[in-house]
Amino acid sequence: MKNLQHPSRPRGRPRGFDRDEALSRAMETFWRLGYEGASIADLTEAMGITPQSLYAAFGSKAQLYREALAEYRRRIGAANAQALAEEPTAWAAFDRILRQTAYEFSRPTHPSGCMISTAALAVASENAPIAGHVRELRAASLAAFRKRIEQAIASGEFKPETNVEALARFLGAIIQGMSVQARDGADAAALLGIADLASDEVARHRA
């Protein structure tokens with residue numbers, strides 16, 4: 001006699017979505033569309049979840065964006081910190097940053113440009129905390145540049161009269177500009193041309 005009983009269901013809660021995968025997809029959506037440009041519908045479609053699941057897992061769109069920024073810094077942005085720490089000279093570190101920026105901003109496997117460099121520059125008043133958070137991330141990058149330049153002056157690599165603030169902001173402006181150029185379709189070769197000129201400017205400050 002055949003067993004007509006239904007197969008037993010697995011115990012416990014049903015399998016949910018992969019949070020890490022959903023966050024990665026949200027990151028790319030925000031990267032491509034921006035914070036205000038990415039609607040909840042855009043995000044849930046990309047993440048493969050319902051709005052209810054999004055709010056249950058991440059709390060709010062703003063919190064999801066903060067986590068997406070952290071994911072971007074972990075996966076993409078960490079390369080700059082590695083260059084600053086690993087290269088024996090400041091010039092070599094900044095040259096590496098500029099060149100890897102040219103390649104990364106134009107890579108066809110993900111949205112062009114930088115998720116942080118030009119993010120949330122102008123937002124509605126209710127999103128001012130988000131804009132402030134992104135400004136803090138950009139400020140942290142400038143602080144890291146300043147620190148490396150100061151170290152180069154102290155070690156004798158850079159001229160003592162080097163304007164630390166101006167050089168750090170110059171590098172930040174170049175990276176932001178490369179992000180805009182990449183968004184407008186500049187390829188790796190075009191961005192490398194910018195990187196070469198910027199690297200030459202940094203070299204001008206060597207002692």
Worked check of side chain to side chain contact (heavy atoms under 4.5 Å, CB included) between R25 and E28
CA-CA 5 Å; R25 293 180 181 180; E28 293 213 356; 5.9 Å; no
For F158 and H205, take the angle between the two ring planes, folded into 0 to 90°, and tell me which bin it lands in: parallel under 30, tilted 30 to 60, perpendicular over 60.
tilted
Distance check, rounded to the nearest 0.5 Å: Q181 atom CD versus S106 atom OG?
12.0 Å
Rounded at 0.5 Å granularity, tell me how far CG in N80 sits from CD in E104.
9.5 Å
For the OG1 atom of T89 and the CZ atom of R148, what is their distance to the nearest 0.5 Å?
7.0 Å
If two hydrophobic side chains count as joined below 4.5 Å and joins carry through other members, does Y103 share a cluster with W31?
no
To the nearest 0.5 Å, how far apart are CZ in F58 and CD1 in I49?
6.0 Å
Steps toward side chain to side chain contact (heavy atoms under 4.5 Å, CB included) verdict (L191, T101):
CA-CA 8 Å; L191 296 180; T101 291; over 6 Å; no
Is the shortest side-chain N to carboxylate O distance from R74 to E71 below 4.0 Å?
yes
Is it the case that more than 12 heavy atoms not belonging to E45 sit under 6.0 Å from its CD atom?
no
Would you check if V134 and I116 make a side-chain contact, meaning some heavy-atom pair closer than 4.5 Å?
yes
Between E87 and R96, is there a donor-acceptor pair closer than 3.5 Å when you use the side chain of the first and the backbone of the second?
no
Contact between D95 and V202 at the side-chain level, heavy atoms closer than 4.5 Å - yes or no?
no
Nearest 0.5 Å, please: how far is CZ in R73 from CE in M115?
11.5 Å
For the CD atom of E165 and the CZ atom of R146, what is their distance to the nearest 0.5 Å?
4.5 Å
Starting from L33, can I reach M47 by hopping between I/L/V/M/F/W/Y residues whose side chains sit under 4.5 Å apart?
no
Is I130 reachable from I40 through a run of hydrophobic residues whose side-chain heavy atoms are each under 4.5 Å from the next?
yes
Do I175 and F105 have side chains that approach each other closer than 4.5 Å (heavy atoms only, starting at C-beta)?
yes
Same hydrophobic cluster for Y35 and V180, using side-chain heavy-atom links shorter than 4.5 Å among ILVMFWY?
no
Under a 3.5 Å threshold, yes or no: a donor from one side chain and an acceptor from the other, between R75 and S24?
yes
Would you say that L23 contacts L64 through its side chain, given a criterion of any heavy-atom pair below 4.5 Å between the two side chains?
yes
Using distance alone, with no hydrogens and no angle criterion, decide if D42 and T29 have a side-chain donor and acceptor under 3.5 Å apart.
no
Contact check, side chains of S60 and Y65, non-hydrogen atoms, under 4.5 Å
no
Treat each ILVMFWY residue as a node, draw an edge where side-chain heavy atoms are under 4.5 Å apart, and state whether L192 and F94 are in one component.
no
